[in-house]
Protein chains: 2
Amino acid sequence: MSDETIQLMEKALHDNGFRLTAARRAIVAMLSRTGGHVSADELADLVRTEAPGVGRMTVYRTLDLLHELELVRPVYQGTGAAHYVLMEDGHHHHLVCSTCDRVIEFDDCVLEEVEKVVGQRFNFEVKGHLLEFYGRCQECQT
Amino acid sequence: MSDETIQLMEKALHDNGFRLTAARRAIVAMLSRTGGHVSADELADLVRTEAPGVGRMTVYRTLDLLHELELVRPVYQGTGAAHYVLMEDGHHHHLVCSTCDRVIEFDDCVLEEVEKVVGQRFNFEVKGHLLEFYGRCQECQT
DNA sequence: CTCTGTGCAAAGGATTTGCACTACG
DNA sequence: CGTAGTGCAAATCCTTTGCACAGAG
């Protein structure tokens with residue numbers, strides 16, 4: 001499934017006329033490996049463990065590109081670095097541990113209704129959503 | 001009503017053991033005058049037109065303080081400066097326009113229940129959540 | 001070959017930190 | 001008076017930009 005994500009992203013890049021460079025491959029691969037929810041900087045460091053030549057800026061630019069292609073989404077949670085999450089697998093959400101940063105996925109989606117109501121009230125054409133709970137995971141509660 | 005906001009904030013500061021300094025008065029007054037939705041920097045500049053001695057840092061620190069007292073809330077809209085809004089209502093979420101990046105707030109919160117269920121299932125101590133809908137706002141639909 | 005994409009370094013903006021000074025209570 | 005609060009400047013953190021070079025198509 002990680003592989004599928006890679007395929008999907010590489011295809012999207014190609015189909016939109018962007019070149020499939022080594023750096024982009026490495027970034028996309030690492031991104032799908034993490035399952036998302038990393039900052040650009042963290043991702044850059046991760047990518048470098050496997051592809052040392054890749055520069056920080058390339059990571060920023062690639063994330064930007066993936067955002068334009070709606071494959072990835074930045075989440076701003078405070079004053080620190082933006083985190084990027086994968087958008088491609090529509091319905092699943094995250095439990096993010098504040099202590100260890102572990103990300104647990106779940107797919108209990110009761111939002112269609114809210115989505116509809118909110119969309120109508122604001123005349124907003126809803127295309128997707130992001131739901132995350134923050135707190136402490138089992139291991140970190142001790 | 002602007003005055004009420006000032007009263008409320010000054011009282012909250014006092015009641016929590018914080019000193020009511022000239023700088024804080026000026027900041028709170030200007031904040032309530034703007035009705036919220038300014039960045040720390042903008043607010044600092046505004047405050048300075050009336051109380052030239054006030055430093056930028058004091059504004060940052062005061063906003064932080066007001067945030068702790070739950071009187072004000074930062075809104076992060078991308079990579080730029082955080083905006084602070086007056087907190088009249090507890091829960092609120094975002095509609096983020098993919099086209100113009102406009103952020104619309106709404107406060108329809110049906111998540112308490114989901115929060116509880118999910119928390120129990122994963123033995124995850126939920127402390128907060130983030131819900132955002134993505135799509136196109138009214139103006140961008142044409 | 002051509003032009004997109006890359007990497008470096010340096011700039012840029014927003015926020016935080018360290019420290020001596022001021023003034024609230 | 002003592003301590004919380006202040007202001008300045010410098011530091012830091014995240015991100016963007018400018019430019020010459022490299023490599024995908």
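Note: hydrogens, waters and symmetry copies are ignored here, and every other heavy atom, side chains too, is used. Just so you know, these numbers come straight off a predicted model, no measurement behind them. Within every chain, numbering begins at 1; the chains are lettered A, B, ... in the order of the sequence lines, protein sequences first and strands thereafter.
- Remark: the backbone N or O of B:H67 is not paired with any side-chain donor or acceptor of B:R73 at under 3.5 angstrom.
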Can you give the donor-acceptor pairs under 3.5 Å from side chains of residues 8-17 of chain A to other protein atoms, not counting sequence neighbours?
unit_1, atom_1, unit_2, atom_2, d
A:K11, NZ, A:D15, OD2, 2.5

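- Looking at residues 48-64 of chain A, you'll see A:G53, A:V54, A:G55, A:M57, A:T58, A:R61 sit with a heavy atom under 4.0 Å from some atom of DNA chain C.
- Less than 4.0 Å separates DNA chain D from at least one heavy atom of each of the following residues of residues 10-24 of chain A: A:R19, A:L20.
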Distance-only donor-acceptor pairs under 3.5 Å for side chains of residues 43-50 of chain A, two or more places apart:
unit_1, atom_1, unit_2, atom_2, d
A:R48, NH1, A:V54, O, 3.2
A:T49, OG1, A:L46, O, 2.5
A:E50, OE1, A:R33, NH2, 2.9
A:E50, OE2, A:R33, NH2, 3.3

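- In this structure, B:L71 and B:L86 have side chains that are not in contact, with every pair of non-hydrogen atoms separated by 4.5 Å or more.
- Bracketed by its first and final contacts, the part of DNA chain D lying under 4.0 Å from non-hydrogen atoms of chain B reaches from D:dG2 to D:dT15 in 5' to 3' order.
- Residues in residues 15-47 of chain B take part in these ring-ring contact (aromatic ring centres under 6.0 Å, His included) pairs, two or more places apart or across chains: B:H37-B:H83.
- Two end axes, each from the C1' atoms of five base pairs, can be drawn for the helix from C:dC1-D:dG25 to C:dG25-D:dC1; they diverge by 40°, to 10 degrees.
- Residues satisfying the side chain to side chain contact (heavy atoms under 4.5 Å, CB included) test with B:A81, not counting sequence neighbours, are B:S39.
- Residues forming a side-chain hydrogen bond (donor to acceptor under 3.5 Å, both in side chains) with B:D41 (at least two apart in sequence, or on another chain): B:R56.
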With 3.5 Å as the limit, what N/O pairs link the protein to nucleotides 11-13 of chain C?
none

